[in-house]
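By convention in this document, chain letters (A, B, ...) are assigned in the order of the sequence lines, proteins followed by strands, and residues within each chain are numbered from 1.
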Amino acid sequence: MSTVVETHDHGHHGPAKGLSRWLFTTNHKDIGTLYLWFSFIMLFIGGAMAMVIRAELFQPGLQIVQPEFFNQMTTNHGLIMVFGVIMPAFVGLANWMLPMQIGAPDMALPRLNNLSFWLLPMAFGILLSTLFMPEGGPNFGWTFYAPLSTTYAPNTVNFFIFSVHVMGVSSILGSINIITTIFNMRAPGMTLMKMPLFVWSWLITAYLLIAVMPVLAGVVTMMLMDINFGTSFFNAAGGGDPVLFQHVFWFFGHPEVYIMILPAFGIVSHIIETFSRKPIFGYSSMVYAMASIAILSFVVWAHHMFTVGMPLAGELFFMYSTMLIAIPTGVKVFNWVATMFRGSITFETPMLFSIAFVALFTIGGFSGLMLAIVPADFQYHDTYFVVAHFHYVLVPGALFGIIAGAYYWLPKWTGNMYDETLGKLHFWLTFISVNVTFFPMHFVGLAGMPRRYPDYALQFADFNALISVGAFMFGLTQLLFLFIVIKTIRAGKQAEPEVWEGAGELGLEWTLSSPPPYHSFTIQPQVK
Amino acid sequence: MVMPVMFSSLVFSEDSDYNMKVGVTEVSQSIFELHMLIFWICVGIGVIVFSIMFWSLFKYRKSKGAVAADFDDNFWLEIGWTVAATLVLVWMAVPSTQVMVKAYDDAEGEINILITGHQWKWHYKYLEDEVGFFSNLATSQEQINGEVPKGEFYLREVDEPLVIPTNTRIRFLITGNDVIHSWWVPDFAVKQDAIPGFINTAWTNVPEPGIFRGACTELCGIKHAFMPVVVRAVEREEFDAFIATKVALAEEERMLTSKVWTKEELMERGEGFYATNCSACHQINGKGIPPVFPALDGSQIAMFDSKKHIEILMEGVQGSAMAAFGDSYSEVDIASVITYTRQAWSNGENGDGVIVTPQDIVAYKNRIDL
Ligand code: HEM
Ligand SMILES: [Cu+2]
Ligand SMILES: [Cu+2]
């Protein structure tokens, strides 16, 4: 773990030795590395929970776990994947790449940066420890609807609330740092409209985070009050309103799903232009599309609540606004395709993951569009069709974006090329298993299987067995990824500064040595 | 690329087991058609976009000597596809709005049924006739545990289905008693959340007799997967006969309340009631699942405090999973289950053995009413 960054000596400026390097580090690369390893470890913990879920669902009947534990697994799997894998991985990539992409020596607020990372292991330590307490961990779904999560929750819900608060603080501090860095530390000549798209995607994401994390904190605080201090925000018996919970939660929750995809948009844009050897098509429309997605994401939240009994006008409003989001999303896909058109394309591992991203994310977009159609959503809602939708946008979407980014920048980070043959093997195994796992979920959902069920009727048995096989294959394949990453860190063909043919033209990070110096740009470069 | 499309069109045909249910009502059929329309539009867009993409990937391979062109923008192209996307969305939005207006018609029903979600069973009440009953999962625990083979309607069968007449406008008033549940019958395309403190409405009009199976679709705790919905639609005459027997039964029940009950009679009735309504949490052997669900065997309340015992059953325990049973069950049921739990296991020997009768429950209710 400690060999990611070679010591490039500028006298006393090198990293400290041993454990204290990681505990007290204020270096953007060290912190980026910590975030990425944290996220990787959580991927395996959350993944192990998914394996428990799929093992139980392999056959109808209760075989391996009881429903109370099953519910804890679905809940913690969701919480960990969202808050412990996707988000920290993006922050890790931001830490590594933002200073290098904008020509800065480091992040603007390095001590804050250290704090915002070290809050995370604490938050997840608390969350995971609840699983070993007598009443068990959170079991009310990652969306933790009241009153199941208040009046009817296990008493460990207080730990859950605390850990969500800590995660929220971490995200807000991280976002402040990112915004400050982008606004103050760009190289001379880099105007906003010359910023790399990954930087743009993170600028927008950071604003979304600052806007909605306090809403999440608000909703869990209201829960805390209901549970411990006798208020009745969500308790109907005391005059409260359980639907209020859902409005507040989804006002956070929908922007949150875009927080989990925008940085991937940025990464994939860079990779597609690199391996098409052609600059991204429609740069400014890419920026405007991300901005409109972010703004629209504040007015669509109730599409998660079409069955709570809103008035007709409300249902229609949220249907139309949700359909609108498909336009900027579509524009991005068209732009990626137009970038490939008449390029000079090669298929290295990052490009393979990015092509798969475009194709499979689009499928997730289509199912999103279907879900937006209110009357049809009455049939889809809370079935496996929704599970298929959000896994298509989150796994071959967000996660593929992260994996693609890791392959793309790993040679830059470590100075070593990864093993291309193993990388391609990893891609194909992942690509096949992801589809075997999640594609049939569409059918199981349409056929009527509700989500969050530990047991199911016999007619769903065949597809569920297939899904479980796919899931185990997917899980095992990620061990190969771990192997490839470790192998690359330890050895490999020496990487050029440019790494990818022609990349030197595309971004400042490729003008630095591979691996880059400990303080990225000590002299600010000039951007034409 | 071709594979998934072919596969999809197989699965997505109308009579497939793996497509949305066409259903039996006018609304469910229009929703199915809408679903297929949107689906094929998406397939159409997908075919266009993916063909261009994969063709480009194939044609402009560097290994075949492709040289990158030098363009990175085209204003009119960008405007063009934005407008095209908008038009497609309008094409989708129009029929969606029409179907939605039809599905959301909120007029009174000829028959109004109050549906209440409980942890973990449904209660149905016919508002015009003031009769109601609970509908519990009928699949045995042995089937779930795999000790005996699973039946055809595994997890989709109940002890007493909801019975409705055909060709009648039926309005459902849906609410929750404890947490949020959701009542779903795919064949009617009715899915409404059952939320404590709210009454949601939905309606249907079923043209033909049949048995229609559905599920709870909002996570509601441990037995979320074990509270199916079954609706039996019957001709009007059969429905009237069904209601008549229900009314007669209710009358009989009221008679039972005034009768003098022996301990044995109460015990026998209570044992059955306990098995269906309490054992999910407190377990058949009375040991509970501490610390979440307390044991009743050896409980101070069940052994020595019959007053408190009645109060817990009638009012529930605020802020816990122990619901109030008083509103939903008869005095006889409440009295018998209390008596049963005071006598069963070791409680009869070690406790005071007080017998609680239906009259005690009536007295309790009267006191509260004052
Ligand atoms: C074209 C764009 C999209 C549209 C129109 C769309 C629409 C929807 C709708 C209507 C639902 C609610 C379905 C229901 O519960 O019945 C939903 C659920 C969901 N979507 Fe999307 N979506 C889109 C893109 C995304 C993206 C990019 C992400 C994340 C990367 C995402 C993540 C989710 C998640 C996590 C849920 C389920 C939440 C839950 O109930 O647990 N969606 N989407
Ligand atoms: Cu959403
Ligand atoms: Cu449920």
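- Around atom CH2 of B:W55, more than 12 heavy atoms belonging to other residues, nucleotides or ligands sit under 6.0 Å away.
- Residue A:N235 touches chain B through its side chain alone, counting heavy-atom pairs closer than 4.5 Å.
- In this structure, chain A has a heavy atom under 4.5 Å from the side chain of B:I31, while its backbone stays farther away.
- Other residues, nucleotides and ligands place no more than 12 heavy atoms under 6.0 Å from the CD atom of A:E505.
- At a 4.5 Å heavy-atom cutoff, the contact between B:F226 and chain A is made by side-chain atoms alone.
- Within the 4.5 angstrom heavy-atom criterion, only side-chain atoms of B:L77, from C-beta onward, approach chain A.
- Atom CG of residue A:L458 and atom CG of residue B:L155 lie 8.0 Å apart, to the nearest 0.5 angstrom.
- For the 3.5 Å distance criterion, the side chains of A:S285 and B:E78 qualify, holding a donor opposite an acceptor.
- Proximity to chain B (any heavy atom under 4.5 Å) is shown, for A:P154, by neither the backbone nor the side chain.
- With a 4.5 angstrom heavy-atom cutoff, B:C220 touches chain A only via backbone atoms.
- Under the 4.5 Å side-chain criterion, counting only non-hydrogen atoms from C-beta, B:V292 is in contact with A:E135.
- Crowding of B:E142 atom CD: a count of heavy atoms from other residues, nucleotides or ligands under 6.0 Å exceeding 12.
- Contacts between B:E218 and chain A at a heavy-atom distance below 4.5 Å involve backbone atoms as well as side-chain atoms.
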Could you walk me through whether A:L369 and B:L89 satisfy the side chain to side chain contact (heavy atoms under 4.5 Å, CB included) test, starting with their C-alpha distance in whole Å, then the side-chain angles of each, then the deciding distance to 0.1 Å, before giving a yes or no?
CA-CA 9 Å; A:L369 198 53; B:L89 289 178; 3.8 Å; yes
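- Both cation-pi conditions hold for A:K278 and B:F71: the charged atom is under 6.0 angstrom from the six-membered ring centre and inside a 45 degree cone around its axis.
- A donor-acceptor pair under 3.5 Å is formed between the side chain of A:Q379 and the backbone N or O of B:P186.
- In this structure, chain B has a heavy atom under 4.5 Å from the backbone of A:I280, while its side chain stays farther away.
- Heavy-atom distances place both the backbone and the side chain of B:R61 under 4.5 Å from chain A.
- Between B:Y18 atom OH and A:Q459 atom CD the span is 7.5 Å, to the nearest 0.5 Å.
- Residues A:Y380 and B:H35 bring their aromatic ring centres within 6.0 Å.
- Only the side chain of B:F198 comes within less than 4.5 Å of a heavy atom in chain A; its backbone stays farther off.
- Rounded to the nearest 0.5 Å, atoms CD1 (B:I144) and CG (A:L62) are 6.0 Å apart.
- For chain B, the nearby part of A:E315 is the side chain; its heavy atoms alone come within less than 4.5 Å.
- Counting all heavy atoms, side chain and backbone alike, A:A359 lies closest to B:M53 at CB-CE, 4.1 Å.
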Could you walk me through whether B:D178 and A:Y152 pass the side chain to side chain contact (heavy atoms under 4.5 Å, CB included) check?
CA-CA 8 Å; B:D178 30 53; A:Y152 293 84; 3.2 Å; yes
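- Ranked by heavy-atom pairs under 4.5 Å with chain B, the first of A:P375, A:G309, A:A153 is A:P375.
- With 3.5 Å as the limit, one finds a donor-acceptor pair spanning the side chains of B:T97 and A:Y320.
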Please report the C-alpha distance between B:V49 and A:F334 in whole Å, then the side-chain angles of each, then the deciding distance to 0.1 Å, and finally whether the side chain to side chain contact (heavy atoms under 4.5 Å, CB included) criterion is met.
CA-CA 8 Å; B:V49 174; A:F334 300 151; 3.7 Å; yes
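- Smallest separation of non-hydrogen atoms from A:P242 and B:I180: CB-CD1, 4.1 Å.
- Considering every non-hydrogen atom in both A:I373 and B:S96, the closest pair reads CG2-OG, 3.4 Å.
- Using a 4.5 Å heavy-atom threshold, the side chains of A:V337 and B:F50 count as separate.
- Heavy atoms closer than 4.5 Å to chain B are found nowhere in A:Q72, neither backbone nor side chain.
- Between the side chain of B:N200 and the backbone N or O of A:V308 there is at least one donor-acceptor pair closer than 3.5 Å.
- With respect to chain B, the highest number of heavy-atom pairs below 4.5 Å among A:I327, A:N155, A:D455 belongs to A:D455.
- Contacts of A:M319 with chain B are made by side-chain atoms alone, with heavy-atom separations under 4.5 Å and no backbone atom involved.
- No side-chain heavy atom of A:L148 sits under 4.5 Å from any side-chain heavy atom of B:H224.
- Interface residue B:L34: only side-chain heavy atoms are found under 4.5 Å from chain A.
- Between the A:S344 side chain and the B:A66 main chain, a donor and an acceptor come within less than 3.5 Å of each other.
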Passes side chain to side chain contact (heavy atoms under 4.5 Å, CB included), A:F306 versus B:K191? Steps please.
CA-CA 10 Å; A:F306 282 145; B:K191 184 186 283 152; over 6 Å; no
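- For A:T74, no part sits under 4.5 Å from any heavy atom of chain B, backbone or side chain.
- Taking chain A as the reference chain and counting heavy-atom pairs below 4.5 Å, the highest number among B:F153, B:Y60, B:W184 is found for B:Y60.
- Comparing A:E273, A:M305, A:M310, A:Q63 by heavy-atom pairs within less than 4.5 Å of chain B, the highest count is held by A:M310.
- Note: A:M370 CE to B:I38 CD1 = 8.0 Å, rounded to the nearest 0.5 Å.
- Contact count against chain A (heavy-atom pairs under 4.5 Å) is highest for B:S56 among B:S56, B:G214, B:G23, B:S30.
- For the options A:A338, A:A236, A:G61, heavy-atom pairs under 4.5 Å to chain B are most numerous at A:G61.
- Only the side chain of A:A237 has a heavy atom closer than 4.5 Å to any heavy atom of chain B.
- Using a 4.5 Å cut-off on side-chain heavy atoms (C-beta onward), A:T346 and B:S63 make no contact.
- Looking at B:K59 and A:R342, their side chains never come closer than 4.5 Å, going by heavy atoms from C-beta outward.
- To the nearest 0.5 Å, the span separating OH on A:Y453 from OG1 on B:T217 amounts to 7.0 Å.
- If you tally non-hydrogen atom pairs under 4.5 Å between each of A:T339, A:D241, A:V444 and chain B, the highest count goes to A:D241.
- If you take CG on A:L446 and CG on B:N19, they are separated by 5.5 Å, rounding to the nearest 0.5 Å.
- Looking at A:P60, both its backbone and its side chain come within 4.5 Å of chain B, counting heavy atoms on both sides.
- In this structure, the portions of A:F341 lying under 4.5 Å from any heavy atom of chain B include both its backbone and its side chain.
- Between B:Y104 and A:F378, the ring planes are parallel. Angles under 30° get that label, and only those over 60° would be called perpendicular.
- Most heavy-atom pairs under 4.5 Å with chain B: of the set A:A447, A:P311, A:G343, this distinction falls to A:G343.
- Annotation: side chain of A:F281 is in contact with side chain of B:N74 (closest heavy-atom distance under 4.5 Å).
- Both the backbone and the side chain of A:I355 come within less than 4.5 Å of a heavy atom in chain B.
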